[in-house]
Protein chains: 2
Amino acid sequence: MKWYALPMVISPSENHIRAWARLVKASQRVLGAIEADLKAAGFPPLGWYDVLLELKRSDDGRLRPLEIEGRLLIAQHNVSRLIDRLEKGGYVAREPCEEDGRGQVVAITEDGRDLLNRMWPVYRAAIQKHVAAKLDDDEAASLADLLARLMA
Amino acid sequence: MKWYALPMVISPSENHIRAWARLVKASQRVLGAIEADLKAAGFPPLGWYDVLLELKRSDDGRLRPLEIEGRLLIAQHNVSRLIDRLEKGGYVAREPCEEDGRGQVVAITEDGRDLLNRMWPVYRAAIQKHVAAKLDDDEAASLADLLARLMA
DNA sequence: ACGGATTAAATGCATATGCATCGATATAAA
DNA sequence: TTTATATCGATGCATATGCATTTAATCCGT
């Protein structure tokens, strides 16, 4: 008689499942707490900070929407609308793109840089309170390392 | 001369900041990937699964919206509307609450249990693919432990 | 028992996100 | 050159979320 292999189900271990469940819960909790601190201080959501920071980090303060999309993993249409809001607030400016007539270039403004500077102390304090107060430096390093592997 | 202490700014370390940044990125990426697998298989979002699982785990398959809110950390009005959708799909039923006339009791239906059963193989495979394939068992245990500390 | 304060859940309205599609430009093929 | 195809970014529409308020019932002090 000929035997066929039963379909082998490779299952994640209990530890894998636990790690996954806690990853979602922890990031949700900490993100929620940090966002709440920012909002309580009268600042816009973290997404705004992320975009402005990417722009500031790029050497000339300019990025194509496509690059923002790639770096921050935001859907294209959400990038478009996030830029709308940032532009409306005066934190970025849309410029025509030299190399590609279809494209745009998004540039951070002085107000944008200023917003980053004003947000950072509050953001930093929130990270201190919700992350650094819970893990010592070695633990933070281990966590960062494990998360990097998870994303690899 | 009398000296006053300058306000001491306690800053998170580089490792803390890195851990925080990766926590957000990693959970976003893995969550997105797992949700995409579920959707590709024709299933509703994870939030539905989470509610149904909490209901199933409770001894009689019933929970108050307030308990769901507390366990899953969902805002009250979102619980209300998530239950609306689950009810519309036939996966839960709203019942009047004996002990508290203001309250409701949400009960999982047979279809709800069935949905859980059908989703789990896909969900499990997604956890395998996006978590277990990236970390060995010890690493997963460490990660789970660190995330527990972070939430403590 | 009564009346005010509190709590459980729902809802109206504004904002944000997902999905499909569109308009415009660029690139490749005939 | 002409035409088809692919890509960049914006937009219309449906759905989901946040925030404030509402409704109804409970709790508590007098």
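In what follows, chains carry the letters A, B, and so on, assigned in the order in which the sequence lines appear, proteins first and then strands, with residues in each chain numbered from 1.
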| field | side chain to side chain donor-acceptor pair (under 3.5 Å): pairs with one or both residues in residues 73-86 of chain A, sequence neighbours excluded | value | D84(A)-R94(A)
| Looking at DNA chain D, which of residues 50-76 of chain B put a heavy atom within less than 4.0 Å of it? | none
| message | To the closest 0.5 Å, what do you measure between CD (E54(A)) and CG (L72(A))? | response | 5.0 Å
| said: Please report the interatomic distance CG(L86(B)) to CD1(I108(B)), rounded to the nearest 0.5 Å. | reply: 9.0 Å
| message | For S13(A), give me all partners under side chain to side chain donor-acceptor pair (under 3.5 Å), at least two apart in sequence or on another chain. | response | H16(A), D137(B)
| request: Sequence neighbours left out, what passes side chain to side chain donor-acceptor pair (under 3.5 Å) with R64(A)? Give chain and number order. | output: none
| Qualifying residues under salt bridge (Lys or Arg N to Asp or Glu O under 4.0 Å), relative to R62(A), sequence neighbours excluded | D60(A), E95(A)
| Quick one: does K134(B)'s side chain have a donor or acceptor within less than 3.5 Å of a partner on A152(A)'s backbone? | yes
| task | Tell me whether L73(B) is reachable from L23(A) by hopping between hydrophobic residues (I, L, V, M, F, W, Y) whose side-chain heavy atoms are closer than 4.5 Å. | result | no
| request: Return the value, rounded to whole Å, for the distance between atom CD of Q104(B) and atom C1' of dA24(D). | output: 12 Å
Between the protein and nucleotides 22-28 of chain C, which nitrogen or oxygen pairs are less than 3.5 angstrom apart?
residue: dA26(C); atom: OP1; partner: G101(A); partner atom: N; Å: 2.8

| task | Find the distance D84(B):CG to dA16(D):P and express it as a whole number of Å. | result | 11 Å
| What distance do I17(A) atom CD1 and Y123(B) atom OH have between them, rounded to the nearest 0.5 Å? | 8.5 Å
| task | Quickly work out the W48(B) CH2 to dT17(D) C1' distance and round it to whole Å. | result | 16 Å
| query | Which residues pass the side-chain contact (heavy atoms from CB on, under 4.5 Å) test with A126(A), sequence neighbours left out? | reply | I34(A), D37(A), H130(A)
Close N or O pairs between protein and nucleotides 12-15 of chain D (under 3.5 Å):
residue: dG12(D); atom: N7; partner: R81(A); partner atom: NH2; Å: 3.2
residue: dG12(D); atom: O6; partner: R81(A); partner atom: NH1; Å: 3.2
residue: dG12(D); atom: O6; partner: R81(A); partner atom: NH2; Å: 2.9

| said: The criterion is side chain to side chain donor-acceptor pair (under 3.5 Å); which residues satisfy it with R22(B), sequence neighbours excluded? | reply: none
| Residues that F43(A) engages under ring pair (Phe, Tyr, Trp, His ring centres under 6.0 Å), provided they are two or more places apart | none
| What are the residues of residues 31-45 of chain A, sorted by number, that bring a heavy atom to within less than 4.0 Å of DNA chain D? | K39(A)
| request: Check side chain to side chain donor-acceptor pair (under 3.5 Å) between R149(B) and all other residues, then give those that pass, not counting sequence neighbours. | output: E139(A), D145(B)
| field | Integer-rounded Å distance: dT11(C) P and L82(B) CG | value | 15 Å
| field | Side-chain N,O (N78(B)) to OP1/OP2 (dA16(D)) below 4.0 Å | value | no
